[in-house]
Amino acid sequence: MDFVAIRLTIRRKLENGRLPLEKAARVWGRSPSGQACDGCGMTIGTGQLAMDGPARDPGGKATQLHLRCFEIWTQERSSLLRERESSAARPLSLEGQPA
């Protein structure tokens, strides 16, 4: 999978809630255990760094990403938040459409 496809996949997962939109307060790197990356879906293999973030729900599974997927997640979540803030700040016309 190329980086453009990974970026689009991560963006979709952020938009539909399959990846957290909130910033992780704590993140740590570890050796992979052969599990799938929550961003791209590919296995985090030997020799790669797995980035773990806290679980979204108490007792839930931590979010784990390849290092590169973590970087893309960080960029895309920031971009999506900025887009949502700017669209919320736009005034609406009487028809409910952006002015």
Side-chain angles (χ1 to χ4, degrees):
M1 191 180 293
D2 64 32
F3 287 126
V4 173
I6 291 171
R7 183 171 298 280
L8 290 171
T9 299
I10 289 173
R11 179 62 175 236
R12 272 190 246 112
K13 288 182 177 184
L14 283 164
E15 290 171 344
N16 67 27
R18 290 176 44 212
L19 279 176
L21 191 54
E22 60 276 355
K23 182 178 179 180
R26 193 180 65 206
V27 177
W28 56 95
R30 65 170 174 79
S31 296
S33 60
Q35 294 179 325
C37 170
D38 290 321
C40 68
M42 293 184 284
T43 300
I44 304 173
T46 305
Q48 296 179 319
L49 181 62
M51 302 298 292
D52 283 352
R56 296 176 72 182
D57 302 314
K61 175 182 159 291
T63 301
Q64 60 184 9
L65 302 160
H66 290 103
L67 177 59
R68 185 65 182 139
C69 291
F70 175 80
E71 293 169 346
I72 293 170
W73 169 76
T74 301
Q75 295 164 359
E76 289 301 314
R77 63 167 288 285
S78 295
S79 175
L80 186 57
L81 287 171
R82 278 193 307 272
E83 288 172 18
R84 288 182 179 179
E85 287 172 6
S86 70
S87 67
R90 274 186 260 155
L92 296 178
S93 69
L94 294 176
E95 294 81 32
Q97 300 297 320

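Being a predicted model, the structure only gives us computed values, none of them experimental.
A search for side-chain hydrogen bond (donor to acceptor under 3.5 Å, both in side chains) contacts involving Arg68 returns Glu71, not counting sequence neighbours. For Arg26, the side chain to side chain contact (heavy atoms under 4.5 Å, CB included) partners two or more places apart in sequence, or in a different chain, are Trp28.
Annotation for Cys69 and Ile6: closest pair SG-CG2, 3.9 Å, computed over non-hydrogen atoms. Closest approach of Thr43 and Gly34 over heavy atoms only: CG2-O, 3.4 Å. Closest non-hydrogen pair, Gln75 versus Arg7, comes out as OE1-NH2, 2.8 Å. The nearest pair of heavy atoms linking Gln48 to Pro32 is O-CD, 3.0 Å. The two residues Leu21 and Leu80 make their nearest non-hydrogen contact at CD1-CD2, 3.9 Å. Contact between Ile10 and Trp73 at its shortest, heavy atoms only, is CG2-CA, 3.8 Å.
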Pair Met51-Gln64, side chain to side chain contact (heavy atoms under 4.5 Å, CB included): steps then yes or no: CA-CA 5 Å; Met51 302 298 292; Gln64 60 184 9; over 6 Å; no
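Between Pro20 and Thr63, the closest side-chain pair of non-hydrogen atoms falls below 4.5 Å. Residues Asp52 and Arg30 have side chains in contact (heavy-atom distance under 4.5 Å, counting atoms from C-beta outward). Residues Cys37 and Met42 have side chains not in contact (no heavy-atom distance under 4.5 Å, counting atoms from C-beta outward).
Using a 4.5 Å cut-off between side-chain heavy atoms of Ile, Leu, Val, Met, Phe, Trp and Tyr, with links allowed through other members, Leu14 and Leu65 fall into the same hydrophobic cluster. Cluster membership check: Leu81 does not share its hydrophobic cluster with Leu8, using side-chain heavy-atom separations under 4.5 Å among Ile, Leu, Val, Met, Phe, Trp and Tyr. Cluster membership check: Val27 shares its hydrophobic cluster with Ile72, using side-chain heavy-atom separations under 4.5 Å among Ile, Leu, Val, Met, Phe, Trp and Tyr.
Between the Lys13 side chain and the Asp38 main chain, a donor and an acceptor come within less than 3.5 Å of each other.
The pair Arg82-Glu76 fails the salt-bridge criterion, with no side-chain N (NZ, NE, NH1 or NH2) lying under 4.0 Å from an Asp/Glu carboxylate O.
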